[in-house]
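Report on the structure given below.
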Amino acid sequence: PIIPHPSPNHGSRRTDGPPDMLVIHYTGMQDGPSALARMCDPAAQVSAHYMIEEDGRIFQLVPDDRRAWHAGASRWAGDSDINSRSIGIELVNPGHEWGYRPFPEAQMRALSDLSTHLLTLYPIPAHRVLGHSDIAPLRKQDPGELFDWLGLAMAGVGLWPDPRPADGMAW
């Protein structure tokens, strides 16, 4: 179940068509209630479509058809208004500033379930399931080195590179 928790921080999408990117973040705050309050504070001017608590609870802050304010100044594959073409998911984690730690299994399971559902609704290809650090590498490091990209890819969400050479030859 998704818990509605509306944020006033959103606007109209500036692109035609449905979202074609999924961007994963960590909150980078000391706890979930603080992150939820910030993303719902009009003065903060930040939000995401979803926030997932460490226990797996999913909050929806912004409707999918609206432009959440999660990506900031960012680019990917020639696109610069990432907010207008993406769904943003925040994972509660204190981040590198407040004691970065692994993402709990319940949280990753909820992310996998939510992402799988979103991929059935929107034409988001595997190569456009990204971390905040992918779209803003000079200023962001989330979701970070402890994020389980392999597990997510094994659940059918995103990509995991095969470390073997393309021709099958040894290095």
Flag, side chain of [X] to backbone of [Y], donor-acceptor distance under 3.5 Å:
X: Glu97; Y: Gly99; answer: no
X: Arg85; Y: Gly17; answer: no
X: Ser34; Y: Gln30; answer: no
X: Asn93; Y: Gly95; answer: yes
X: Ser112; Y: Leu152; answer: no
X: Ser7; Y: Leu61; answer: no
X: His132; Y: Ala71; answer: yes
X: His49; Y: Arg66; answer: yes

*Heavy atoms, side chains only, cut-off 4.5 Å: are Trp149 and Ile24 in contact?*
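Yes; the side chains approach each other to less than 4.5 Å.
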
*Would you say Leu150 and Met154 make side-chain contact, with heavy atoms under 4.5 Å?*
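Yes - at least one pair of side-chain heavy atoms lies under 4.5 Å apart.
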
_Please check if the number of heavy atoms outside Arg38 that lie under 6.0 Å from its CZ is greater than 12._
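Counting other residues, nucleotides and ligands, CZ of Arg38 stays at 12 neighbours or fewer.
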
*Considering non-hydrogen atoms only, spot the tightest contact between Pro18 and Tyr122 and give its length.*
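Nearest pair, atom of Pro18 first, then Tyr122: CB-CD2, 3.9 Å.
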
*Taking all atoms of both residues into account, what is the closest heavy-atom pair of Val92 and Glu54, and its distance?*
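Scanning both residues, the minimum pair turns out to be O-CG, 3.5 Å.
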
*Using side chain to side chain contact (heavy atoms under 4.5 Å, CB included) as the criterion, point out the one residue from His5, Arg57, His25, Met39 that pairs with Met51.*
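When His5, Arg57, His25, Met39 are each tested with Met51, the side chain to side chain contact (heavy atoms under 4.5 Å, CB included) holds only for Met39.
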
_Check: Phe147 ring centre within less than 6.0 Å of Phe103 ring centre_ =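 That pair passes the under 6.0 Å test.
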
*Between Lys140 and Asp134, does a salt bridge (Lys or Arg N to Asp or Glu O under 4.0 Å) hold up when you go through it step by step?*
CA-CA 8 Å; Lys140 294 296 179 178; Asp134 294 318; over 6 Å; no

